[in-house]
2 protein chains.
Amino acid sequence: MENKPRSEDRRVRRTKKLLTQALTSLMKEKQIKDITVKELTDRADMNRGTFYLYYRDIFQMLESIEDELLEALNQILGEKLGETPLNEQMLTEMFEFIRENREIMGVLMSFRGDICFLYRLNRLIREKCMTIWDITTERESEFNYDYNFVAFGCAGLVMAWIDRSCPETSEKLARRVNDILQGQRIGVKAYSRSEKAGII
Amino acid sequence: MENKPRSEDRRVRRTKKLLTQALTSLMKEKQIKDITVKELTDRADMNRGTFYLYYRDIFQMLESIEDELLEALNQILGEKLGETPLNEQMLTEMFEFIRENREIMGVLMSFRGDICFLYRLNRLIREKCMTIWDITTERESEFNYDYNFVAFGCAGLVMAWIDRSCPETSEKLARRVNDILQGQRIGVKAYSRSEKAGII
DNA sequence: GATATAGTCAACACCATGTTCAGTATTTCA
DNA sequence: TGAAATACTGAACATGGTGTTGACTATATC
């Protein structure tokens with residue numbers, strides 16, 4: 001995220017950064033559909049016309065922010081699929097990246113966020129798993145349910161983590177996810193006062 | 001969902017139903033932000049003004065559809081919290097409800113859906129768990145991570161299920177979720193070709 | 001320091017929105 | 001079944017955010 005192509009003019013970098021900050025800030029206050037370009041550029045302290053130099057509308061702007069985040073995550077996952085394993089080390093790196101960008105990541109995954117981003121993130125990791133594990137189409141259906149459980153489960157866990165401003169280290173979170181995936185009992189049943197109380 | 005208060009005029013029921021169908025249909029084709037009231041009422045074959053008799057805008061309409069779904073699910077969960085356990089029977093009932101309303105549920109949970117709905121659904125179940133299991137505030141943090149993993153994991157599993165038009169029975173799905181929650185190994189590791197390939 | 005490029009400011013047409021009102025159609029209930 | 005109530009239609013209207021343009025100013029690059 002930080003090291004963008006230096007080809008862009010300093011002013012361009014500044015403008016985009018200010019707009020991103022303003023959008024992040026506004027999305028903490030209201031739904032994206034209720035944010036106007038005027039409001040956004042006012043907060044970024046710039047002319048409304050400047051916005052249109054780079055983005056078609058606010059939704060497209062959000063999408064382009066998502067593009068950058070996903071591209072960066074893709075880099076971490078290893079550009080050439082199948083080369084790097086999805087291990088605890090890699091989970092740590094991903095969580096660290098999320099932590100570093102927790103402002104915008106938090107917004108995107110919050111109730112004011114974008115379900116599309118969750119899906120794109122999900123697919124990114126999913127495709128890597130498919131390649132690494134060489135899932136055939138016959139096994140795909142079976143794979144899909146469990147995969148989705150784990151993937152969205154992780155997303156949920158990360159949401160709770162960001163929501164608390166990432167108090168635990170990325171390493172600890174990666175270890176927790178690792179433990180769960182290694183087959184460790186998900187600690188929910190432990191909360192039940194009695195066996196009879198239910199199973200969830 | 002089906003048995004609404006009969007107090008409403010038949011025309012009103014008809015209008016709302018047509019609008020809901022039209023919205024569901026349109027959301028399969030495009031994002032909600034790109035749907036105009038004109039487009040919606042055209043598809044529902046009615047006057048544009050009629051829409052405003054019941055809804056302020058399209059987003060508010062979606063919200064009111066969500067309200068009804070969540071209210072119905074709340075009924076299934078038992079109105080008086082803490083009275084009914086969250087067991088396999090109840091999971092089956094919930095999945096059956098989702099299956100019956102899979103058209104709109106599918107849209108709401110799809111990549112064109114509403115992240116807010118996921119959060120509301122999550123909170124609904126969460127609050128019930130908190131009450132039943134008598135989670136104290138000290139234990140809440142610990143509980144939160146695991147709970148979120150399971151809750152969003154279930155959501156992900158359901159998404160995959162709806163996405164395939166619910167081929168498995170609600171009973172079978174409830175059993176699968178039950179198995180996972182009972183501590184059964186989540187079947188992802190099984191897909192790995194070798195132990196070295198990674199842990200996710 | 002010269003040139004290129006980015007940002008500002010004001011003005012503009014456009015179009016979906018949300019509201020209104022009079023007239024018509026349908027439902028409800030006595 | 002008929003009358004009163006209520007819902008829907010169709011057209012008109014003001015409004016406000018949108019996206020674009022062109023001339024001018026400010027800033028970065030080399």
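First the proteins, then the strands, lettered A, B, ... as listed; each starts at 1.
Close to C:dA6, at under 4.0 Å from its OP1 or OP2, lies no side-chain N or O of A:Thr50.
Of the residues in residues 22-36 of chain A, none lies under 4.0 Å from DNA chain C by heavy-atom distance.
Atoms OG1 and CZ, on A:Thr92 and A:Phe97 in that order, are 15.5 Å from each other to the nearest 0.5 Å.
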So if I define the base as every atom that isn't primed, P, OP1 or OP2, how would nucleotides 18-29 of chain C read as a B/S/- string at a heavy-atom cutoff under 4.0 Å?
BB-----BBSS-
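Comparing the start and finish of the helix from C:dG1-D:dC30 to C:dA30-D:dT1, five pairs each, the helix axis swings through 50°, to the nearest 10 degrees.
The side chain to side chain donor-acceptor pair (under 3.5 Å) search around B:Asn122 returns B:Tyr147, not counting sequence neighbours. Listed by chain and residue number, A:Thr15, A:Leu40, A:Thr41, A:Ala44, A:Met46, A:Phe51, A:Tyr55, A:Met61 satisfy the side chain to side chain contact (heavy atoms under 4.5 Å, CB included) test with A:Leu19 (two or more places apart in sequence, or in another chain). For B:Asp57, the side chain to side chain contact (heavy atoms under 4.5 Å, CB included) criterion is met by B:Phe59, B:Gln60, not counting sequence neighbours. Looking at residues two or more places apart in sequence or on another chain, you find a salt bridge (Lys or Arg N to Asp or Glu O under 4.0 Å) between B:Arg175 and B:Glu88. Under the salt bridge (Lys or Arg N to Asp or Glu O under 4.0 Å) criterion, B:Arg120 pairs with B:Glu66, B:Asp67, not counting sequence neighbours. In terms of the side chain to side chain donor-acceptor pair (under 3.5 Å) criterion, residue partners of A:Glu39 (sequence neighbours excluded) are, by chain and number, A:Lys30. For the side chain to side chain donor-acceptor pair (under 3.5 Å) test, residues two or more places apart in sequence or in another chain that qualify with A:Ser170 are A:Glu96. For B:Arg43, the side chain to side chain contact (heavy atoms under 4.5 Å, CB included) partners two or more places apart in sequence, or in a different chain, are B:Ala22, B:Ser25, B:Leu26, B:Glu29. In this structure B:Glu103 satisfies the side chain to side chain donor-acceptor pair (under 3.5 Å) test together with B:Lys28, sequence neighbours excluded.
Taking atom CZ on B:Phe59 and atom P on C:dA16, their separation rounds to 16 Å, with Å as the unit. At whole-Å resolution of the value, CG in B:Asp45 and C1' in D:dG10 are 14 Å apart. Rounded to a whole Å, the NZ atom of B:Lys16 is 12 Å from the C1' atom of D:dA7. The interatomic distance linking A:Tyr54 (OH) with D:dG19 (P) rounds to 17 Å, in whole Å. For B:Leu18 and D:dC8, the CG to C1' distance is 12 Å, given to the nearest whole Å. With rounding to whole Å, B:Leu19 atom CG is found 13 Å from D:dA7 atom C1'. The nearest whole Å value for the distance from the CD atom in A:Gln60 to the P atom in D:dT18 is 14 Å.
Donor-acceptor pairing under 3.5 Å, judged by distance alone, is absent between the side chain of A:Asn47 and the base of C:dG7.
Counting heavy atoms from C-beta outward, B:Leu70 and B:Leu121 have side chains that approach closer than 4.5 Å.
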